[in-house]
Amino acid sequence: MHEDAQLPLLASGRRLTRADALDRLATLVGVDLRPLADRYGVTVWRDGRRNKGWAGMVVERYLGLAANGTQAPDFGDWELKVVPLALAADGRLRLKETMAVTMFTAADLESREFEESHLLAKLGRIVVVARVYEGPEEARSVVQAVAGFDLTDADRAQVRADYEEARWMVRTQGAWALDGRVGRLVQPRPKGAGHGSGGMGFYAKKALVTRMLGIGA
DNA sequence: CTATGATCATCC
DNA sequence: GGATGATCATAG
């Protein structure tokens with residue numbers, strides 16, 4: 001690993017181009033993220049509870065971006081995501097989870113066209129970093145792959161169809177009609193602190209994320 | 001409370 | 001073992 005691996009490539013993470021980020025992230029393949037969490041002061045465990053987003057925060061810091069709650073692509077025109085891979089019964093690494101993309105409200109959904117949605121803004125131009133999940137201890141987690149991905153025309157059409165389906169359900173049956181069974185590539189699911197918070201988020205289903213990573217099904 | 005970073009827990 | 005709903009840490 002580089003001597004200055006903890007330093008941001010640019011003064012402002014937001015100006016980091018995707019090409020530069022991919023170059024820099026390439027040096028992270030094969031690297032254990034866990035020691036970096038300590039180096040960056042990213043909490044992994046707190047009072048016996050896990051910071052589920054620790055790996056994502058570590059990679060953000062690696063690229064020089066501070067944690068923030070802005071509902072926009074992390075680096076201006078492209079989005080960074082970190083996803084876990086886990087060893088399957090057949091001995092191969094597979095995507096462990098769906099990927100949370102962005103939150104939305106019923107009002108957002110009804111008023112915003114797909115082309116103007118946060119969903120497309122984040123999914124359209126993305127960089128996915130895959131890490132190996134070894135166990136709940138998170139004693140070690142090595143970066144397995146890094147991939148830049150632009151939504152293909154076909155995927156984009158299906159994602160739009162999923163978005164329109166969710167809109168249609170909200171308009172005709174109300175927000176409560178939405179659940180994870182809606183959508184083929186992206187799905188609306190409850191998300192947010194506490195139960196019944198009413199928050200919803202769009203999640204990229206495994207098939208889409210797997211395609212982004214360019215790994216077998 | 002809402003967003004970010006996500007994964008956990010449970011039900012099928 | 002996969003899919004869906006619930007939840008954790010942090011920032012504004």
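All values below were derived from every heavy atom in this structure, side-chain atoms included, with hydrogens, water molecules and symmetry-related copies excluded. Everything quoted here is computed from the prediction, not taken from an experiment. Below, chains carry the letters A, B, ... as their sequence lines are ordered, and counting in each starts from 1.
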B/S/- contact track for nucleotides 5-12 of chain B, protein heavy atom under 4.0 Å: BBBB----
Given DNA chain C, 5'-ward residue of the pair A:A67 and A:P188, judged by closest heavy atom: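 The 5'-side residue here is A:P188.
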5′-ward residue of the pair A:V44/A:K206 relative to DNA chain C: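 So the residue in question is A:K206.
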Check [Y] with [X], please: is the shortest side-chain N to carboxylate O separation under 4.0 Å?
{"X": "A:D32", "Y": "A:R34", "value": "no"}
{"X": "A:E138", "Y": "A:R131", "value": "yes"}
{"X": "A:R160", "Y": "A:E113", "value": "no"}

Measure from [atom1] on [X] to [atom2] on [N] and round the result to the nearest Å.
{"X": "A:R61", "N": "B:dT4", "atom1": "CZ", "atom2": "C1'", "value": "15 Å"}
{"X": "A:M200", "N": "B:dT2", "atom1": "CE", "atom2": "C1'", "value": "16 Å"}
{"X": "A:M103", "N": "B:dC1", "atom1": "CE", "atom2": "P", "value": "12 Å"}
{"X": "A:F75", "N": "B:dT4", "atom1": "CZ", "atom2": "P", "value": "15 Å"}
{"X": "A:Q71", "N": "C:dT10", "atom1": "CD", "atom2": "P", "value": "22 Å"}

Polar side chain donor-acceptor pair, A:T152 to A:R211, under 3.5 angstrom: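 There is no such pair between these side chains.
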Below the 4.0 Å mark, does [N] have OP1 or OP2 next to a side-chain nitrogen or oxygen of [X]?
{"X": "A:Q187", "N": "C:dT4", "value": "yes"}
{"X": "A:R181", "N": "C:dT4", "value": "no"}
{"X": "A:T102", "N": "B:dT4", "value": "yes"}

Over 12 foreign heavy atoms within 6.0 Å of CG, A:D153: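 12 or below, so no.
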Results of side-chain hydrogen bond (donor to acceptor under 3.5 Å, both in side chains) for A:Q158 - residues two or more places apart only: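 Partners of A:Q158 by the side-chain hydrogen bond (donor to acceptor under 3.5 Å, both in side chains) criterion, ordered by chain and then number, come out as A:D162.
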